[in-house]
Amino acid sequence: MALRKSSGPTVTVAQAFLVLWAVVSTVPLLWAVVSSFKSDPEIVADPWALPKMLRWENFARAWDSASIGTYFGNTVIVVGGGVTLTLLLSAMAAYVFARFEFRLKGVLYYFFVAGMTFPVFMALVPLFFVVQNLGLGDSLGGLILVYTAYSLPFSMFFLVAFFRTLPGEIAEAATLDGCGEIATFFRIMLPMAKPGLISVGIFNFIGQWNQYLIPLVLVSDDSRFVLSQGLANLAVEQGYAGDRSGLFAGLTIAMLPILVVYALLQGRVQAGMTAGALK
């Protein structure tokens, strides 16, 4: 019996809601990008008008004078290290939970998963003292480790489901050919998990790139600020100085990497999510 396609008021309402959500999400981004090419008088006179000319000097001023270039470099280092370490550790843990049986496996698994339910703001005070006692306060290395710990529960939970979909016969064949467990993981199973790793990597990249609360607590040296901190300070300083165009340029620079990464890899995200959901 053929299934009929769903239709009716429910579908129409759902589609209208999605369109409204897309507009609400997109319009502020477009407005910020357009404003970054305008002068301050143009922004004040008519915020919704198109720029009379493209003022690229706004970006140069934000990059150099407002130290956005420094904050951008710090963010690239922290997020690059955090995402790489998160993917490596979560993939190793997920592979063990997905392919092996051992005592207390269920307890340890749910201990990891419970980390997703723990509000990060409740751990900020003890986290601050732990990082300080390790000598990692006001350092990019400390942020990398904290970002990794913060991202591990979700990443491991996602990858466990993905590794369970991979054929175990291939790992068994590799073992019969003389591969050890480490070689089997890195040379065979990890490359096969590439779609899932890309999906998790993108989610972690977006989450860590936009992180504000953790660096706000752990980093007070403005030379080690990440973009979220730098933009917050820029919003205060440039707001009083009246350099609104420089502020919008800084916002555009901060948004651009996320938009580019997601636009280039959105198909892989969908493929990874689908592969991880189906067994």
Side-chain angles (χ1 to χ4, degrees), residues 13-76 78-80 82-83 147 151 154 198-216 225-273:
V13 171
Q15 292 174 342
F17 176 79
L18 292 176
V19 171
L20 178 62
W21 181 263
V23 171
V24 170
S25 302
T26 305
V27 169
L29 299 180
L30 294 177
W31 178 68
V33 173
V34 171
S35 297
S36 67
F37 290 101
K38 300 165 68 173
S39 65
D40 288 339
E42 288 178 314
I43 294 175
V44 174
D46 192 350
W48 299 103
L50 295 175
K52 297 178 180 178
M53 60 178 295
L54 300 181
R55 300 181 181 274
W56 296 99
E57 64 270 17
N58 294 341
F59 293 89
R61 191 170 65 256
W63 187 267
D64 295 326
S65 301
S67 301
I68 292 296
T70 300
Y71 305 147
F72 189 93
N74 292 342
T75 306
V76 169
V78 171
V79 174
V83 171
Y147 278 18
S151 305
F154 166 76
I198 291 175
S199 299
V200 172
I202 292 175
F203 285 122
N204 283 323
F205 174 80
I206 294 174
Q208 294 183 16
W209 188 274
N210 292 326
Q211 185 59 245
Y212 174 69
L213 192 58
I214 291 176
L216 179 66
F225 279 2
V226 294
L227 268 174
S228 56
Q229 290 174 283
L231 287 173
N233 282 352
L234 182 63
V236 175
E237 295 173 1
Q238 302 297 70
Y240 285 116
D243 189 4
R244 298 175 179 83
S245 57
L247 175 59
F248 282 117
L251 290 172
T252 302
I253 292 173
M255 291 188 300
L256 189 60
I258 295 178
L259 297 177
V260 170
V261 168
Y262 189 78
L264 293 177
L265 299 177
Q266 61 175 333
R268 292 182 178 270
V269 174
Q270 296 170 0
M273 294 290 290

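If you read the sequence from its start, that first residue is 1, and numbering goes on from there.
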Inset, instruction - Mind checking ring pair (Phe, Tyr, Trp, His ring centres under 6.0 Å) for Phe205 and listing every partner two or more places apart, or none if nothing turns up? - result: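 Here the qualifying residues are Trp209.
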Legend entry - With Gln229 via side chain to side chain donor-acceptor pair (under 3.5 Å) - residues at least two apart: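 Checked Gln229 against side chain to side chain donor-acceptor pair (under 3.5 Å); zero matches.
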For [X] and [Y], which heavy atoms make the closest approach, and how far apart are they?
X      : Y      : result
Asp40  : Ser245 : OD1-N, 2.8 Å
Ser228 : Pro215 : OG-CG, 4.2 Å
Leu234 : Ala66  : CD1-CB, 3.4 Å
Ser151 : Asn204 : CB-OD1, 3.4 Å

Inset, instruction - Apply the test side-chain contact (heavy atoms from CB on, under 4.5 Å) to residues Ile68 and Leu231: give CA-CA distance (whole Å), side-chain angles for both, the deciding distance (0.1 Å), then the verdict. - result: CA-CA 8 Å; Ile68 292 296; Leu231 287 173; 3.9 Å; yes
Please round to the nearest 0.5 Å and tell me the distance separating atom [atom1] of [X] and atom [atom2] of [Y].
X      : Y      : atom1 : atom2 : result
Phe72  : Ile253 : CZ    : CD1   : 8.0 Å
Asn74  : Tyr71  : CG    : OH    : 9.0 Å
Leu227 : Thr70  : CG    : OG1   : 10.0 Å

Inset, instruction - List the steps, then state whether side-chain contact (heavy atoms from CB on, under 4.5 Å) holds for Thr252 with Asn58. - result: CA-CA 11 Å; Thr252 302; Asn58 294 341; over 6 Å; no
Residues forming a side chain to side chain contact (heavy atoms under 4.5 Å, CB included) with [X], sequence neighbours excluded:
X      : result
Leu216 : Tyr212
Ser35  : Trp31, Ile43, Phe248
Asp64  : none

Show me the donor-acceptor pairs, under 3.5 Å and distance only, between side chains in residues 46-55 and residues at least two apart or in other chains.
{"residue": "Asp46", "atom": "OD1", "partner": "Trp48", "partner atom": "N", "Å": "3.4"}

Inset, instruction - Determine the interplanar angle of the Phe203 and Phe154 rings, folded into 0 to 90°, and report it as parallel if under 30°, tilted if 30 to 60°, perpendicular if over 60°. - result: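 Rings of Phe203 and Phe154: perpendicular, as their planes differ by over 60°.
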Legend entry - Aromatic ring pairing Phe37/Trp56, orientation class (parallel under 30°, perpendicular over 60°, tilted between):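 It falls in the perpendicular class, over 60°.
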Inset, instruction - Quick one: do Val226 and Gln211 satisfy side-chain contact (heavy atoms from CB on, under 4.5 Å)? Show the steps, please. - result: CA-CA 9 Å; Val226 294; Gln211 185 59 245; over 6 Å; no
Inset, instruction - Would you check, one step at a time, whether the test side-chain contact (heavy atoms from CB on, under 4.5 Å) holds for Gln208 with Val78? - result: CA-CA 9 Å; Gln208 294 183 16; Val78 171; 5.8 Å; no
